[in-house]
Amino acid sequence: MSDIVILGIETSCDETGIGIVKNGREVLANIISSSSDIQKQFGGIVPEVAARKQLEFILPTLDMAIKSSGLSYGDIDAISVSYGPGLEGSLLVGLIAAKTLSFLLKKPLIGVNHLEGHIFSTFSTYLDLTPPFLSLLISGGHTMLVLVKDYGVYDVLGDTLDDAVGEAFDKVAKLLGLGYPGGPIIDKMAKKGNPEAIRFPRANTGKDSLDFSFSGLKTAVRVFMEKEGKNHKIEDIVASFQEAVIDAIIVRVRRAIEKTKETKLVLGGGVSANSRLRKRLKSLSRDMGFELYLPPLNMCTDNGAMIGIVGYYYFKKGIFSDLSLDVKSSLSL
Ligand code: KG4
Ligand code: ZN
């Protein structure tokens with residue numbers, strides 16, 4: 001069978017990602033431009049700024065991706081694009097680029113759910129990995145445990161009741177005055193702190209629940225800072241916060257594995273880059289005897305290659321979108 005090359009476009013937030021993927025597994029290019037340096041000045045994402053930067057970055061990023069793949073536009077078999085969930089203005093830039101390419105190249109357009117991109121982002125590393133598996137999707141906007149029964153067949157087992165896990169990292173970093181995005185800053189700083197120095201609360205969402213909740217933890221950190229923050233090392237505070245987040249994740253992963261009897265746990269999303277979480281999950285996988293699949297760091301945060309991977313499976317099934325495809329900022333799985 002001849003090779004299928006998909007160009008994947010990802011613009012749901014502040015990253016402009018263009019990936020080129022062969023046969024759903026081989027990443028020929030994965031170029032990411034980010035406006036996070038600019039967002040830093042505002043302490044978080046300003047949607048209007050993110051959308052304007054998408055517009056500025058999209059064509060140069062596309063150009064770089066084509067060049068770095070060594071292919072030409074004629075080699076592309078289809079264009080896949082994330083059309084939600086995300087920021088409307090940002091998504092529109094990617095969608096318009098995708099529609100234009102599809103129209104000009106006379107190649108099919110494939111609308112992809114951004115969350116599916118994260119779920120399948122390990123597929124270029126683990127070539128034999130196929131559904132069914134349990135997915136832990138942890139990003140700036142989502143915190144989910146999903147049973148992936150097949151390509152496109154999902155059972156959401158747990159979701160966040162309030163803040164997403166990456167959002168908790170970002171908000172706590174902001175209230176501690178550490179900068180944006182908070183996840184990588186806290187990850188690095190926590191290495192020098194004692195995770196047991198302060199006992200922050202671990203939210204209980206119910207005995208058998210697989211749902212998450214992080215807003216209480218965020219409030220606990222704020223109240224702690226007001227009362228006695230000055231008496232503690234900042235490294236100990238962030239390490240203790242991070243440990244509370246990770247404990248909450250570990251408890252639910254354990255429950256989900258016990259409940260589903262799945263033997264594969266697949267991570268995806270920006271927070272799966274967290275070094276302490278990776279370590280704790282590795283030891284859990286040894287204890288419980290499941291296989292752990294971690295995305296490489298450049299596939300954790302938003303990128304176009306993961307959208308190209310998912311696009312391939314739609315292509316194989318013959319599922320295409322037409323030019324009336326619109327963005328859906330709150331698209332669910
Ligand atoms: O997947 P992503 O790029 O965007 C969304 O779809 O939301 O995730 C971004 C999130 C941010 O909240 C960021 O703080 C977090 O991922 N993040 C991390 C780490 N690297 C990025 N959180 C914890 N530890 C990290 N090393
Ligand atoms: Zn994402």
Side-chain angles (χ1 to χ4, degrees), residues 8-17 19 30 32-37 39-40 43-45 47 50 54 81-87 90-91 94 112-122 135-144 146 159-160 163-176 178-191 193 195 212 214 217-218 238-239 241-246 248-249 267-281 294-307 309-310 329-333:
I9 303 182
E10 160 57 43
T11 64
S12 65
C13 194
D14 59 345
E15 263 95 27
T16 312
N30 193 17
I32 304 166
S33 311
S34 176
S35 65
S36 74
D37 275 354
Q39 312 287 352
K40 257 180 202 155
I45 292 170
Q54 291 288 359
V81 58
S82 50
Y83 69 103
L87 303 172
S90 290
L91 286 164
V112 167
N113 185 319
H114 174 77
L115 302 178
E116 290 183 276
H118 282 307
I119 289 175
F120 290 96
S121 61
T122 47
S135 160
L136 173 64
L137 198 175
I138 40 178
S139 71
H142 294 85
T143 312
M144 293 171 120
V146 181
D159 205 337
T160 183
D163 291 348
V165 58
E167 192 180 353
F169 272 99
D170 295 339
K171 285 180 174 171
V172 165
K174 189 173 181 180
L175 80 90
L176 297 175
L178 300 176
Y180 174 86
I185 300 170
I186 290 179
D187 187 352
K188 197 167 161 211
M189 204 176 234
K191 290 194 172 109
F212 299 83
F214 293 107
L217 172 59
K218 174 193 65 192
V238 297
F241 157 75
Q242 180 177 266
E243 207 65 4
V245 171
I246 296 175
I249 295 174
L267 257 71
V271 184
S272 49
N274 187 272
S275 58
R276 176 85 179 153
L277 176 67
R278 285 176 168 242
K279 209 167 147 194
R280 297 267 319 264
L281 283 173
L294 296 169
L297 294 183
N298 67 339
M299 295 290 278
C300 288
T301 39
D302 294 347
N303 65 86
M306 68 184 194
I307 304 303
I309 292 172
V310 177
S329 58
S330 55
L331 184 65
S332 55
L333 261 184

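We count ligands from 1, going down the list as the structure has it; atoms in each ligand are counted the same way.
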Run the side-chain contact (heavy atoms from CB on, under 4.5 Å) test on Met299 and Asn30 for me, step by step, so that the C-alpha distance in whole Å, both residues' side-chain angles and the decisive distance to 0.1 Å come before the verdict. CA-CA 9 Å; Met299 295 290 278; Asn30 193 17; 3.5 Å; yes

Begin with the C-alpha distance, continue with both residues' side-chain angles, and end with the deciding distance and a verdict on side-chain contact (heavy atoms from CB on, under 4.5 Å) for Ser90 and Cys13. CA-CA 6 Å; Ser90 290; Cys13 194; 5.8 Å; no

Working for side-chain contact (heavy atoms from CB on, under 4.5 Å), residues Val165 and Phe212: CA-CA 9 Å; Val165 58; Phe212 299 83; over 6 Å; no

Derivation and outcome, side-chain contact (heavy atoms from CB on, under 4.5 Å), residues Asn274 and Ile138: CA-CA 10 Å; Asn274 187 272; Ile138 40 178; over 6 Å; no

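Only side-chain heavy atoms of His118 come within less than 4.0 Å of ligand 1; its backbone N, CA, C and O stay farther off.
Of all atoms in ligand 1, listed by their number and element, those nearer than 4.0 Å to a heavy atom of Gly166 are 12 (O). Close contacts between ligand 1 and Thr301 involve ligand atoms 3 (O) [criterion: under 4.0 Å to a heavy atom]. Listed by number with element, the atoms of ligand 1 under 4.0 angstrom from any heavy atom of His114 are 6 (O).
Of all protein heavy atoms, the one lying nearest to atom 3 (O) of ligand 1 is Asp302 N, 3.1 Å. Closest to atom 26 (N) of ligand 1 among all protein heavy atoms lies Asp187 OD2, 2.9 Å. In this structure, atom 7 (O) of ligand 1 lies nearest to the protein heavy atom Gly140 N, 2.8 Å. The single protein non-hydrogen atom nearest to atom 14 (O) of ligand 1 is Asp170 OD1, 2.7 Å, given as residue, atom name and distance. Scanning all protein heavy atoms for the shortest distance to atom 21 (C) of ligand 1 gives Gly270 O, 3.4 Å. When hydrogens are left out, the protein atom nearest atom 15 (C) of ligand 1 is Val271 CG2, 3.9 Å; that is the closest non-hydrogen contact.
Counting heavy-atom neighbours within 6.0 Å of Lys191 NZ, excluding the residue itself, gives a total above 12.
Using a 4.0 Å cutoff on heavy atoms, Gly141 counts as a contact of ligand 1.
A salt bridge links Glu243 to Arg276: at least one charged side-chain nitrogen sits closer than 4.0 Å to a carboxylate oxygen.
Separating the OG1 atom in Thr122 from the CG atom in Leu267 is a distance of 8.5 Å, to the nearest 0.5 Å. Interatomic distance, Ser12 OG to Leu87 CG, rounded to the nearest 0.5 Å: 7.0 Å.
For atom 24 (N) of ligand 1, the choice among Asn274, Ile246, Val165 with the nearest heavy atom turns out to be Asn274.
A side-chain N or O of His118 and one of Asp302 form a donor-acceptor pair less than 3.5 Å apart.
The name of the N, O or S atom in Asp302 nearest to the Zn ion (ligand 2) is OD1.
A 4.5 Å side-chain heavy-atom check between Val271 and Val245 finds every atom pair outside the cut-off.
Here the Zn ion (ligand 2) is the vertex; the NE2 atom in His118 and the NE2 atom in His114 give an angle of 100° (to 10°).
Considering backbone and side-chain N/O of Gly183, one or more are found under 3.5 Å from N/O of ligand 1.
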